[in-house]
Amino acid sequence: MNEMFKRWAKRLNLDKKDLIAASLAVAIMAVILIDSNFFHNRILEVLLVFDAIALGFTLLVIAILASFAIMGSLLEVAAGLSLLIFLSQSYCAIPTHTSAGDDALKSLVSVGLLYIAFYFFRSLYTSLRGYLQKLQERDKKRSWEKTTTIVLYIIFIFLFVWEIYLVIKPIVNGLCIYHR
């Protein structure tokens with residue numbers, strides 16, 4: 001029987017991956033037929049639960065990889081961002097303010113945030129490029145699995161960057177120089 005499958009796969013010019021996919025499709029159809037005729041779709045419901053768990057676990061792993069890239073980039077700019085916020089809040093805490101001091105702090109915050117954002121995105125780009133190179137080294141071919149993984153990874157990167165923006169925006173907007 002095994003020899004028959006090998007000859008069949010060789011005749012159709014199927015590689016191992018295609019043969020596994022075809023065997024899996026036949027097995028799934030057999031389970032669906034047996035389930036609908038004998039078990040009233042109970043096996044299919046259980047399989048859907050396992051599929052949902054597997055999909056959730058896969059998304060969790062991709063999200064964790066994306067969060068590691070974001071946190072690594074954020075840690076590289078954390079000192080500059082902390083210093084900028086500390087200086088701004090310290091200036092706002094003093095009782096006397098001058099318009100020259102306010103203008104100086106506005107320009108310092110603006111240039112500092114631009115520098116920090118540039119450095120953060122450069123670090124993030126380097127991390128993302130390293131991840132994509134590792135993915136390319138494993139398998140040279142382009143597949144829908146790899147493309148889906150990359151798209152999900154980039155979506156999670158954008159979500160985490162948006163969350164960082166949502167946290168930093170009220171801190172910057174709350175500075176005293178923007179309330180006068």
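A quick note: this is a predicted structure, and the numbers were derived from the prediction, not measured.
By the rule that hydrophobic residues join a cluster once side-chain heavy atoms approach within less than 4.5 Å of another member, Ile168 and Val111 end up as members of separate clusters. Both Ile164 and Ile155 belong to a single network of hydrophobic side chains, linked directly or stepwise wherever heavy atoms of I, L, V, M, F, W or Y lie under 4.5 Å apart. A continuous path of hydrophobic side-chain contacts links Tyr119 to Phe121 [ILVMFWY only; heavy atoms under 4.5 Å]. A continuous path of hydrophobic side-chain contacts links Ile150 to Phe158 [ILVMFWY only; heavy atoms under 4.5 Å].
Here Ser90 contributes atom OG and Leu83 contributes atom CG; the two are 9.5 Å apart, rounded to the nearest 0.5 Å. In this structure, CE on Met29 lies 10.0 Å from CG on Leu24, to the nearest 0.5 angstrom. Between the CG atom in Leu152 and the CD1 atom in Ile157 there is a gap of 12.0 Å [rounded to 0.5 Å].
Between the side chain of Tyr91 and the main chain of Asp102, a donor-acceptor pair closer than 3.5 Å is present. For the pair Ser107 (side chain) and Ala104 (backbone), a donor-acceptor distance under 3.5 Å is present.
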- [ ] Determine, step by step, whether Leu124 and Leu74 satisfy the side-chain contact (heavy atoms from CB on, under 4.5 Å) criterion, reporting the C-alpha distance in whole Å, the side-chain angles of both residues, the deciding distance to 0.1 Å, and the verdict.
- [x] CA-CA 9 Å; Leu124 186 60; Leu74 189 60; over 6 Å; no

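Taking the side-chain contact (heavy atoms from CB on, under 4.5 Å) definition, one finds that Ile116 meets it with Val77, Leu81, Leu84, sequence neighbours left out. Scanning for side-chain contact (heavy atoms from CB on, under 4.5 Å) contacts around Glu163 gives Phe160, with sequence neighbours left out. Annotation: ring-ring contact (aromatic ring centres under 6.0 Å, His included) contacts of Tyr153 (sequence neighbours excluded): Tyr131. Remark: Thr126 engages no residue in a side-chain contact (heavy atoms from CB on, under 4.5 Å) (not counting sequence neighbours).
Results of the side chain to side chain contact (heavy atoms under 4.5 Å, CB included) test with Ser88 over Leu108, Val109, Ile171 single out Val109 as the only residue that passes.
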Run the side-chain donor-acceptor check on residues 46-71: report pairs under 3.5 Å with partners two or more places apart or on a different chain.
| residue | atom | partner | partner atom | Å |
| --- | --- | --- | --- | --- |
| Thr58 | OG1 | Ala54 | O | 2.8 |
| Ser67 | OG | Ala63 | O | 3.4 |
| Ser67 | OG | Ile64 | O | 2.8 |

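Cluster partners of Tyr165, using a side-chain heavy-atom cutoff of under 4.5 Å among ILVMFWY residues and allowing indirect links, are Trp162, Leu166.
For the side chain to side chain donor-acceptor pair (under 3.5 Å) condition, the pairs that include at least one residue of residues 68-77, sequence neighbours left out, are Ser73-Ser123, Glu76-Ser123.
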